[in-house]
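Written below as structure tokens is the structure these notes are about.
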Amino acid sequence: MATLKDATAIAGIGQTPFAKQLPASEKTLACQAIVAALDDAGIAPSEVDAFASYTMEETDEVEIAKAIGAGDVTHFSKVGYGGGGSCATVAHLAAAIATGQANVGVAWRSRKRGSGPRPWKNTRVQLPTPGQWTRPFGLLRPADEIGLLARRYMHEYGATRDHFFNVALACRNRANQNPAAMMYERPLTREMYMTARWISEPLCLFDNCLETDGALACVVVAADRARDCRHRPVYVHAAAQGLPAQHHGMVNYWNDDPLTGPAWTAARHLWKGADLGPQDVDVAQIYDAFTPLIPLSLEGYGFCGRGEGAAFTEGGALETGGRLPLNTGGGGLSEAYVHGFNLITEGVRQLRGTSTAQVPGAATCLVTAGEGVPTSALLLRS
């Protein structure tokens with residue numbers, strides 16, 4: 001089977017500051033992040049000939065290409081499903097470059113979710129066919145839908161709020177080491193967590209991701225070119241997307257097991273195209289819009305058995321020095337929530353050896369997109 005194995009690499013990363021409210025427009029933020037990523041790689045904007053972004057991205061490749069001064073563009077794509085699309089943007093660029101359709105690709109995400117409206121505020125567009133089975137009955141927000149899955153998981157496998165706290169605490173501890181994180185100087189305690197207000201029971205305030213203004217970008221080139229760029233190449237060893245049969249976004253009603261989400265489908269394809277397995281992963285950046293997604297993803301990507309994801313979080317397993325150091329920049333829970341793109345850039349920093357919470361000797365990093373929606377994943381190596 002043809003694979004993308006190590007044919008391309010991430011050569012540059014860039015980001016804007018993260019905040020609850022930034023004055024610049026989403027287009028300006030996008031351009032700032034992209035130009036910073038190109039500078040990080042040592043590549044001129046005029047060499048960019050490929051773009052990949054999310055369908056939910058409000059900026060587009062036509063305006064971005066003009067604004068940064070790109071040359072002729074020969075590949076452009078968009079990936080759906082919000083948080084599920086992050087890793088797939090890099091995968092699309094890797095495929096285009098590996099097959100000769102482009103030479104220098106840029107993926108990005110720019111959001112003003114902190115100061116902008118919530119997506120579900122516009123009730124006129126809230127009843128696509130799947131939504132007719134959920135929203136009239138109170139599942140209005142992603143938090144409500146994941147809250148339903150979390151309650152099922154707690155019932156089936158004995159997960160408790162202490163397990164979800166383990167996730168929130170690990171992410172907050174890493175953010176406390178990261179000056180760029182929104183929660184940099186804001187420690188989290190168990191008492192704070194257990195007494196926090198509900199958002200959608202059993203999910204409290206600290207089980208939910210941040211609301212952030214900001215943008216991030218990365219530059220993908222062929223592996224041989226990356227070796228001549230400014231930093232150590234971070235190779236795209238494997239990539240995958242996953243949409244399981246009979247999937248129903250978030251709530252997963254029609255699957256035989258609603259707790260076996262898209263991560264399981266993406267993982268099978270990811271490991272099939274890799275020389276490595278879960279046991280070889282030194283550090284992970286796992287999509288954390290909500291804390292219960294972590295144990296579900298740990299199971300889906302093969303770090304533990306079915307129903308064992310909650311117990312996996314015990315004993316500091318997700319902390320630096322634990323079984324699987326997790327979301328070392330703070331993740332969506334405590335660094336910034338920009339639909340998971342900061343997990344990609346943090347994965348790159350780990351493999352460059354420049355993370356603020358560096359895992360000693362890290363040579364492999366799993367990055368995942370959103371569990372609960374059609375998803376994607378990257379296996380990166382140094």
Side-chain angles (χ1 to χ4, degrees), residues 13 15-22 82-83 86 109 111-115 142-143 146 150 161-200 203-216 283-298 313 316-322 324-350 354-359 365-371:
I13 55 174
Q15 67 185 50
T16 68
F18 302 128
K20 185 73 172 178
Q21 184 170 6
L22 294 173
S86 57
R109 183 69 170 110
R111 284 190 102 203
K112 296 197 71 173
R113 172 62 183 274
S115 59
I146 297 303
R161 293 191 65 214
D162 277 308
H163 294 118
F164 300 153
F165 168 66
N166 292 339
V167 173
L169 181 64
C171 292
R172 183 62 65 90
N173 286 344
R174 301 295 77 75
N176 292 160
Q177 297 174 258
N178 177 9
M182 293 178 69
M183 297 290 109
Y184 173 48
E185 295 182 326
R186 300 175 66 177
L188 177 66
T189 67
R190 186 179 184 277
E191 181 181 5
M192 290 168 61
Y193 176 89
M194 291 298 175
T195 58
R197 63 184 172 90
W198 296 117
I199 299 299
S200 188
L203 305 183
C204 74
L205 177 66
F206 299 113
D207 292 308
N208 289 259
C209 62
L210 302 171
E211 294 184 322
T212 307
D213 285 6
L216 304 102
V283 58
Q285 314 296 334
I286 297 180
Y287 191 87
D288 60 340
F290 307 98
T291 56
L293 298 184
I294 298 295
L296 292 174
S297 296
L298 290 170
T313 70
L318 308 181
E319 303 281 354
T320 302
L324 186 68
L326 183 90
N327 296 5
T328 48
L333 289 166
S334 284
E335 181 188 32
Y337 184 66
V338 196
H339 265 152
F341 210 101
N342 52 322
L343 300 177
I344 300 172
T345 53
E346 175 60 17
V348 171
R349 290 188 187 95
Q350 278 290 340
T354 60
S355 172
T356 54
Q358 185 61 46
V359 174
C365 180
L366 174 70
V367 186
T368 76
E371 171 63 325

(request) Output the distance between atom CZ (R111) and atom CG (L22), rounded to the nearest 0.5 Å. (result) 13.5 Å
(request) List the atom of F290, the atom of L203, and the distance in Å for their closest heavy-atom pair. (result) CD2-CD1, 4.1 Å
(request) Compare every heavy atom of L333 with every heavy atom of C171, then report the nearest pair and how far apart it is. (result) SG-CD1, 3.9 Å
(message) So, using ring-ring contact (aromatic ring centres under 6.0 Å, His included) as the criterion, who are the partners of F18 when residues are at least two apart?
(response) none
(request) Could you tell me whether the side chain of N342 and the main chain of A336 form a donor-acceptor pair under 3.5 Å? (result) yes
(request) For the pair F341 and Q15, evaluate side-chain contact (heavy atoms from CB on, under 4.5 Å) and give the outcome as yes or no after the intermediate values. (result) CA-CA 10 Å; F341 210 101; Q15 67 185 50; over 6 Å; no
(message) Quick check for you: to the nearest 0.5 Å, what is the distance between T291 atom OG1 and L296 atom CG?
(response) 10.0 Å
(request) First locate atom CG of L318, then atom CG of D288, and finally report the distance between them rounded to the nearest 0.5 Å. (result) 11.0 Å
(request) Determine the sole option in L343, T345, V348 for which the side-chain contact (heavy atoms from CB on, under 4.5 Å) test with V367 is passed. (result) L343
(request) Looking only at non-hydrogen atoms, find the nearest pair between P179 and T356 and report the distance. (result) CD-CG2, 3.9 Å
(message) Measuring from atom CZ of R161 to atom CZ of F206, what distance do you get when rounded to the nearest 0.5 angstrom?
(response) 10.5 Å
(request) Determine whether K112 and Q21 make a side-chain contact, defined as any pair of heavy atoms from C-beta on separated by less than 4.5 Å. (result) no
(request) Could you grab the distance from atom CG of N166 to atom CG of L326, nearest 0.5 Å is fine? (result) 11.0 Å
(message) What I'd like to find out is whether the side chain of D207 reaches to under 4.5 Å of the side chain of I199, using heavy atoms alone.
(response) no
(message) For the residue pair R172 / S334, report whether a side-chain donor-acceptor contact shorter than 3.5 Å exists.
(response) yes
(request) Verify, without hydrogens or angle tests, whether N327 (side chain) and I286 (backbone) share a donor-acceptor contact under 3.5 angstrom. (result) yes
(request) Could you point out which residue of E335, R113, M183 forms a side-chain contact (heavy atoms from CB on, under 4.5 Å) with L210? (result) M183
(request) Taking the side chain as every heavy atom from C-beta outward, state whether I344 and L216 have any pair of such atoms under 4.5 Å apart. (result) no
(request) Specify the closest pair of heavy atoms between N176 and P187, including all atoms of both residues, with the distance to one decimal. (result) OD1-CA, 3.5 Å
(message) I need the minimum non-hydrogen distance between M194 and D162, along with the two atoms involved.
(response) CE-OD1, 3.4 Å
(request) Compare every heavy atom of Q350 with every heavy atom of T328, then report the nearest pair and how far apart it is. (result) OG1-NE2, 3.0 Å
(request) Hey, could you give me each pair passing ring pair (Phe, Tyr, Trp, His ring centres under 6.0 Å) that has a residue in residues 164-198? Not counting sequence neighbours. (result) F165-Y193
(request) Any chance you could measure R349, atom CZ, to Q285, atom CD, to the nearest 0.5 Å? (result) 10.0 Å
(request) Begin with the C-alpha distance, continue with both residues' side-chain angles, and end with the deciding distance and a verdict on side-chain contact (heavy atoms from CB on, under 4.5 Å) for L298 and L324. (result) CA-CA 10 Å; L298 290 170; L324 186 68; 3.7 Å; yes
(message) Treating T16 as the side-chain partner and A215 as the backbone partner, does any N or O pair qualify as donor plus acceptor under 3.5 Å?
(response) yes
